[in-house]
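Here is the structure we will look at.
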Amino acid sequence: MIHEYEVVIVGAGGAGLYAALEASKKAKTAVFSKLYPIRSHTGAAQGGIGAALGNVEEDKPEWHAFDTVKGGDYLTDQGAACLLADEAVQAVYDLENRGLPFNRTPEGRIDQRRFGGHTRNFGEAPVRRACYAADRTGHMILQTLYQQCTKNDVSFFDEFHAIDVLIEDRKCAGLVLIELATGELHIVRAKAMLFATGGFGRMFRITSNAHANTGDGPALLARRDVPLEDMEFFQFHPTGIRNMGILITEGVRGEGGILRNNKNERFMERYAPTLLDLAPRDMIARAILTEIRDGKGIKGDGAIDDYVYLDATHLGREVIEAKLPEIADFCRTYLGIDPAEKPMPVHPTAHYAMGGIPTDTHGRVYADSIGNRFEGLYAAGECACVSVHGANRLGTNSLVDLIVFGRRAGQHIADFVRNVDLSPLPVNAMGSAQKFVRRLFDGKNGPRPAEIKKTLQGVMMRNVGIFRKGKEMAEAVEKLEELRNEYLEIRVNDHNKAFNTNLLEILELGNLLDIAYISAACALNRTESRGAHAREDYPERDDKTWLKHTLAWLRKDKVEIDYSSVDVSVWDPKPRKY
Amino acid sequence: MKGNTMKIYLQIKRFNPEKDKKPSFQKYTVEVDRTDRLLDALIKIKDSDDPSLGFRRSCAHGVCGSDAMVINGMERLACKTLIKDVAEKDGDTIKVEPLRTLPVQRDLLVDQAPFFQNYRKVKPYLINPEHVPEKERIQSPEKRNEFDDATKCILCAACFSACPVKKEVNPAFLGPAAVVQASRFIEDDRDRGFEERLPELDYPDGIWPCENRFECTRVCPRNIKVTKLINLTKRKITEFRKNKEKT
């Protein structure tokens, strides 16, 4: 079946929905999503959305931008960070005007709380910048945007999984998708398309990410010679529930929660004397692991399942129930503990991809290191890399990114399609996707996808995790090459067409493998430590050689690497201390 | 974690539209920890025993609403149900079925379209044509709290499935979740859409079929007091009618 639209959006999380709202005002737009829209992972974001409203104390977008740049260990593009911080303010008001139920100050304004790395006056002290709706801010953003899409009759195609993208001569022609309900392949022709497919935390064993976060957009594009940017930078959130990885919001520490080791020490005093438990996530994740390695985890054996405590008992039940009810519920459900009475056992959890599809500040995708772009190809949200997060994202900035750049991309794409025609479809447009799916159904027996996935997640966790070493990453790259070969032997076990979730999982695994392979190769390539990329064999940041973005192509099963420059037009890079 | 492992049976209601005339139960043996989620057990079966087993899942911690199903007769999220909540000891059997009142697509997957149709009917978005005076609209923390409960809804359809009125009395009933969504805006002092929503609630198959059976409240995985919100909305409508008659 062939569909025709002016604008096609893949993914229905925060960025996709915001872009759809904007684009559908002016252009014939459709959203294709592998999940029901309201199930997207934006809904799992908890703590807040950062914006310098100054509702509870003095704040300025300039301070927010600086924190974002410093938080990103100066790999952040500074012009983009200024834009992010400036537009965050109006973006939050827009969400409120559209009905988002933010918590309120006694005066009835949007309430704000502290969050990691967000400071007053260029690093003096924590500032209250995170606007929040209890600890379900992402849920409320997703709901509000979906409500608005309902109001504006945006067209949705639910449970369609993209499997190939049609690009010729750097020009976008359309997309091939598989419909879960029927197993049929569809072609969607479009004047322009936007990828908003979210993250890929599922390449790690312990992650806060949903099962659906398999990097579909970046993987599809990588296979069609689109470069990916800064893939070596993956954030581990310091506080995931031990063994499960379920996120415990930084908002706990924003409200005054404290990390403690087995000696009951507030160990962050030794790592970040000014910001303490509100230092950026990369630093806290490393601090926790260092404590555990030194035998100061709660178990004290330094084993892989050792952990530390996040103590919120002194906040009082009232604060917890009013401002952190979700995490209280998680603790009761999964740990059988009440955070008002007992500390929470936590360990870092794979959380957020700083890298992704390289874009400018309108969401347009770059084709090379000198600023040439694809025509009609856009990306926004976690799958994209503007780059506003640099080498380490600050808490709350992911939601800001979705709203600010989802909207900008949606506006730009709507204007763009007015002056162009549909590109002709390539000859045999469905051929490559058909061939791939047919092979999976050829009746042969192959390895179990779950085994390959387990190995992949284990290798990434052990060898490309928080602390990294060249030798270990080289092993990971080698192992991933093997796994990618084994993947070619996989066949479906379920030969039915309708609702074949076995097929869907195999397709997702292929995406994870490619993304993990590119990430590991980029991590091995960068011989310095910066932000979330912490190498024990190269412990220092090296601005002379490495103040540059990585661009990686997947070509003939090898990763080819080039570099592009970082925008440092506002602040000179300085050592990063908190 | 020693002594936490146990061997249990999952009796799963299966249906494949391409092959089966009607659903039937299939029994699986699975080794789990007492503190595993039921979702973990389903994934284990799919990964190693039967890849054709169909179910939806995403966040795996109770916020996305993908994996609502009927577990031992009660609507629950598979990712928010621990094994120890539904099985006590080695050899116990857990019965797993798809949601009720929605057409089964395959195994544990149901067609959510009728559910979302009803959701859309109540105009689930802020209606307020007035100009926003400056920046944000002002709302007191007290007013904000008045509709807090309803904002927790993740549209998982557990209440829609559990509603005895829908099952036994009136299948056309709007259903609990749609009323919760209406209530979320009706109780929000920034909203002006009460009269616009009224025709979608105040008709025989709208809000009125609810008989206060409380099943929706009992099964809601977000602990929303669903029945209370339905009654609150009913009262609002009755009061509005009364006032209208007076004027």
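Since we're looking at a predicted model, the values are computed, not measured. Naming: A, B, ... by sequence-line order, numbering from 1 per chain.
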Heavy-atom pairs under 4.5 Å with chain B, option from A:Leu95, A:Thr144, A:Asp329 with the top count: A:Asp329
Region of A:Tyr36 that comes under 4.5 Å of a non-hydrogen atom in chain B: side chain
Choice from B:Gly65, B:Pro17, B:Gly62, B:Ser58 maximising heavy atom contacts with chain A below 4.5 Å: B:Ser58
Segment of B:Asp148 engaging chain A (4.5 angstrom heavy-atom cut-off): both
Atom CD of B:Glu130 with >12 non-hydrogen neighbours under 6.0 angstrom: yes
Electrostatic pair B:Glu196:B:Lys121 at N-O distance under 4.0 angstrom: no
Residue pair A:Ile248 / A:Gln46, side-chain heavy-atom distance below 4.5 Å: no
Pick from B:Lys19, B:Arg190, B:Arg120, B:Arg222 with the largest number of heavy-atom pairs that fall under 4.5 Å of chain A: B:Arg190
Carboxylate-amine/guanidinium proximity below 4.0 Å for B:Lys44 and B:Asp47: no
Top contributor to chain A interface from B:Pro51, B:Ala60, B:Cys156, B:Cys59 [non-hydrogen pairs under 4.5 Å]: B:Pro51
Toward chain A, the part of B:Thr81 with a non-hydrogen atom under 4.5 Å: neither
Nearest atoms (heavy-atom pairs only) where B:Val63 meets A:Phe330: CG1-CZ, 3.9 Å
Contacting moiety of B:Arg137, where chain A heavy atoms sit under 4.5 Å: both
Interchain contact, B:Leu155 with chain A, by part (heavy-atom threshold 4.5 Å): both
Between B:Arg106, B:Lys152, B:Lys123, the one whose heavy-atom pairs under 4.5 Å with chain A are most numerous: B:Arg106
Pairing of A:Glu508 and A:Lys34 as salt bridge, 4.0 angstrom limit: yes
Shortest non-hydrogen separation from B:Lys236 to B:Phe194 and the atoms involved: O-CZ, 3.9 Å
Part of B:Glu136 lying under 4.5 Å from any heavy atom of chain A: both
Pair A:Gln147, A:Thr150: side-chain N/O donor-acceptor within cut-off below 3.5 Å: no
Part of B:Ile127 lying under 4.5 Å from any heavy atom of chain A: neither
B:Ser52 and B:Arg14 side chains, donor-acceptor separation under 3.5 Å: yes
Atom group of A:Pro106 that falls short of 4.5 Å from chain B, counting heavy atoms: backbone
Contact winner vs chain A - B:Leu82, B:Leu109, B:Asp188, heavy-atom pairs under 4.5 Å: B:Leu82
Heavy-atom pair count under 4.5 Å with chain B, highest-scoring of A:Gln143, A:Gln90, A:Gln148: A:Gln143
Heavy-atom check, side chain of B:Leu102 versus side chain of B:Ser161, under 4.5 Å: no
Among B:Ser140, B:Ser66, B:Gly54, residue most engaged with chain A (heavy-atom pairs, under 4.5 Å): B:Ser66
salt_bridge(A:Arg104, B:Glu142) N-O dist < 4.0 Å: no
A:Lys497 versus chain B, the contacting section by heavy-atom distance below 4.5 Å: both
Closest-packed option against chain B by number of heavy-atom pairs under 4.5 Å, given A:Phe102, A:Tyr146, A:Phe499: A:Phe499
Under 4.5 Å from any heavy atom of chain A - which part of B:Phe147: side chain
